[in-house]
2 protein chains.
Amino acid sequence: MTALTRRERLRAELERDAKAAARRIAAEEGVEGLTVAAVARAVGVTPPALYRYFNGRAGLVRAVYDDVTAEFMDNVARALHRQDPDDISAQLHAATRAVLDWSLANKVEFDLLMGAAYPKIAESEEGIPKVIARELGGFFGVPFARLWREGRLTIDADEDIDPALAGQLRTYRTHVGLDFPIGVVLLMVICWRQIYGLLCMAVYGHHQFAFDDPVPLFEHMMDHLLGILGLERSPGLRMP
Amino acid sequence: MTALTRRERLRAELERDAKAAARRIAAEEGVEGLTVAAVARAVGVTPPALYRYFNGRAGLVRAVYDDVTAEFMDNVARALHRQDPDDISAQLHAATRAVLDWSLANKVEFDLLMGAAYPKIAESEEGIPKVIARELGGFFGVPFARLWREGRLTIDADEDIDPALAGQLRTYRTHVGLDFPIGVVLLMVICWRQIYGLLCMAVYGHHQFAFDDPVPLFEHMMDHLLGILGLERSPGLRMP
DNA sequence: GGCACATGGTTAATAGTATTCACTCTTTTA
DNA sequence: TAAAAGAGTGAATACTATTAACCATGTGCC
């Protein structure tokens with residue numbers, strides 16, 4: 001049973017409302033518009049009251065970050081699991097497209113997760129939960145691992161990789177907790193580099209004067225990336 | 001002769017000092033730390049005085065943006081012109097490396113030029129000078145044009161490019177004012193996508209837990225990009 | 001030279017922000 | 001039921017931007 005006292009219930013409600021207000025304000029006004037006073041107004045209390053719930057302004061930003069991270073992960077995971085479990089091409093395509101769509105629909109949040117606001121959060125006292133890199137690496141790492149097991153990837157041999165780079169690739173592999181040659185990790189990074197560049201172009205509006213709609217570039221890139229992995233665009237791709 | 005009145009001289013000096021202080025403060029404290037009050041303190045006047053020089057806080061940010069843009073352009077141009085004028089590989093390599101080095105040494109400024117702060121500036125009343133896209137496109141566009149003229153590029157034929165994408169590529173080509181097939185533009189964008197992704201990874205510290213030093217990844221990427229262009233790493237590369 | 005005007009600074013005032021502290025009212029608990 | 005704990009408020013401090021009124025001084029003209 002919900003053996004919640006009246007106080008606990010009210011507290012949970014206000015915390016929920018405040019988080020929701022913070023997310024909405026951040027999305028509408030940008031992170032710099034996310035102020036303690038604005039959230040207090042939105043939930044109908046005075047600013048000092050929120051200090052019983054959050055660690056000041058930084059705590060509000062952090063709360064939004066945690067919310068947004070969960071939403072993002074969920075989004076990508078659902079896009080991936082919407083595909084045929086044996087259709088790796090569709091899985092990678094859909095997951096990547098989900099990243100693009102979410103990022104475009106949530107530019108402020110993208111900035112928090114992967115942009116300029118990220119380093120500040122990472123350097124905060126709480127830091128970034130290790131889970132994230134592992135989980136996100138996992139989304140893409142698992143299909144890559146399968147492609148490798150099935151012998152479909154053409155990868156560089158360990159000894160052909162610059163030792164400095166190889167060390168970094170091993171660190172990354174350890175972090176996401178997967179077990180395949182660092183040549184596979186290198187392939188993942190090569191793909192991510194391009195995806196991330198396209199995301200930043202689209203979200204930050206760089207070159208927007210020409211590439212107003214990022215989808216044509218995205219689809220062209222996906223064809224290229226799937227090609228690198230020995231795959232083709234899947235006819236069974238399921239978009240939401 | 002410098003027929004400057006005392007007043008004009010003092011004004012020029014204060015403007016110069018204020019701009020320098022603004023740049024320093026932004027670099028040290030981040031753009032959010034760049035306040036009218038802080039600059040006023042640094043140059044020894046009261047905050048309202050700066051309103052005779054800048055359009056408030058937004059004007060200060062804009063002044064820093066303009067300064068930084070000029071510095072960035074100059075940096076890339078000098079790295080490029082330091083190379084043998086016939087060594088396209090060295091030119092592209094050096095210019096790209098200059099972009100990376102400058103971005104890492106000036107993370108806040110990078111954010112202003114190509115990151116989250118960029119859209120706000122682009123949407124301000126003054127907008128972004130058209131010159132920039134043209135100039136930056138030119139740095140890389142000119143070597144690409146030469147490679148194409150020399151018949152060294154393998155590019156997609158116009159009719160093999162998705163019409164939606166082709167239209168965007170034509171817009172881009174018009175904007176930078178160069179004259180080659182859109183397949184060449186596509187190659188440029190493919191390269192930029194990867195460079196930009198690597199820059200954002202390095203500057204924003206994404207995946208920093210593993211890729212603390214971005215240079216190994218950068219050099220690996222350059223080998224790949226030069227390969228796409230039918231080039232090899234130049235032995236004559238001159239680094240500063 | 002002296003006078004009028006333009007320039008560029010000041011102070012004061014308004015309004016917004018974060019944050020801490022002391023206090024009070026309410027709820028919980030012993 | 002009385003003590004303790006919790007959660008809000010109001011006041012105070014210290015920042016921030018920005019505008020307005022004001023004043024001193026430099027500039028240019030007669």
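In what follows, every chain begins at residue 1, and chains take the letters A, B, ... in the order their sequences are listed.
- Here the side chain of A/Arg9 pairs no donor or acceptor atom with the backbone of A/Leu4 at under 3.5 angstrom.
- A/Leu199 has its side chain within reach of A/Trp192: a pair of non-hydrogen atoms, C-beta onward, lies under 4.5 Å apart.
- Shown here for B/Arg173 and B/Val185, the closest heavy-atom pair between the two residues is CB-CG2, 3.9 Å.
- Listed by chain and residue number, nothing satisfies the ring-ring contact (aromatic ring centres under 6.0 Å, His included) test with A/Phe140 (two or more places apart in sequence, or in another chain).
- Side-chain atoms of B/Tyr196 come within 3.5 Å of backbone atoms of B/Met114 as a donor-acceptor pair (strictly under, hydrogens ignored).
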Query raised in the report: Which parts of nucleotides 22-30 of chain C does protein reach within less than 4.0 Å, heavy atoms only, written one letter per nucleotide 5' to 3' as B for base, S for sugar-phosphate only and - for none?
Result: ----BBS--

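- Among all heavy-atom pairs drawn from B/Pro143 and B/Gly138, the shortest one is CD-O, 4.0 Å.
- Rounded to 10°, the angle separating the first-five-pair axis and the last-five-pair axis of the helix from C/dG1-D/dC30 to C/dA30-D/dT1 equals 10°.
- Applying the salt bridge (charged side-chain N to carboxylate O under 4.0 Å, His left out) rule to B/Asp212 yields no partners; only residues at least two apart in sequence or on another chain are considered.
- In plain terms, the two heavy atoms of A/Leu198 and B/Arg193 that are nearest each other are N-CG, 4.1 Å.
- Nearest approach of A/Phe110 to A/Val203, heavy atoms of both residues: CD2-CG1, 3.6 Å.
- Under a 3.5 Å cut-off, the side chain of B/Tyr172 and the backbone N or O of B/Val189 do not form any donor-acceptor pair.
- Where DNA chain D meets chain B (any atom under 4.0 Å from a heavy atom), the bounding nucleotides read 5' to 3' are D/dT16 to D/dT27.
- Annotation: proximity of residues 41-51 of chain B to DNA chain D (heavy atom, distance under 4.0 Å) is found for B/Arg41, B/Pro47, B/Pro48, B/Tyr51, numbered in ascending order.
- The minimum heavy-atom distance linking A/Leu104 with A/Ala202 is given by the pair CD2-CB, 3.7 Å.
- In this structure, the CD atom of B/Glu13 is 15 Å from the C1' atom of C/dG8, given to the nearest Å.
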Produce the list of close N/O pairs, under 3.5 Å, pairing protein atoms with atoms of nucleotides 1-3 of chain C; give distances to one decimal.
none

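- For A/Asn55, there are no side-chain hydrogen bond (donor to acceptor under 3.5 Å, both in side chains) partners two or more places apart in sequence or in a different chain.
- When the salt bridge (charged side-chain N to carboxylate O under 4.0 Å, His left out) test is applied to A/Asp66, the partners found at least two apart in sequence or on another chain are A/Arg62.
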Would you list the atom pairs, donor with acceptor, under 3.5 Å between side chains in residues 22-51 of chain A and any protein atom, with sequence neighbours excluded?
unit_1, atom_1, unit_2, atom_2, d
A/Arg23, NE, A/Glu109, OE2, 2.9
A/Arg23, NH1, A/Glu71, OE1, 2.8
A/Arg23, NH2, A/Glu71, OE1, 3.3
A/Arg23, NH2, A/Glu71, OE2, 3.1
A/Arg23, NH2, A/Asn106, OD1, 3.2
A/Arg23, NH2, A/Glu109, OE2, 3.2
A/Arg24, NH1, A/Glu28, OE1, 3.3
A/Thr35, OG1, A/Ala38, N, 2.9

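- Here the closest non-hydrogen pair linking A/Phe139 and A/Leu80 is O-CD1, 3.6 Å.
- Between B/Phe211 and A/Thr171 the shortest side-chain heavy-atom distance does not fall below 4.5 Å.
- Shown here are the side-chain hydrogen bond (donor to acceptor under 3.5 Å, both in side chains) partners of A/Tyr204, two or more places apart in sequence or in another chain: A/Asp111.
- Scanning residues 22-39 of chain A for heavy-atom distances under 4.0 Å to DNA chain C yields A/Thr35, A/Val36, A/Ala37.
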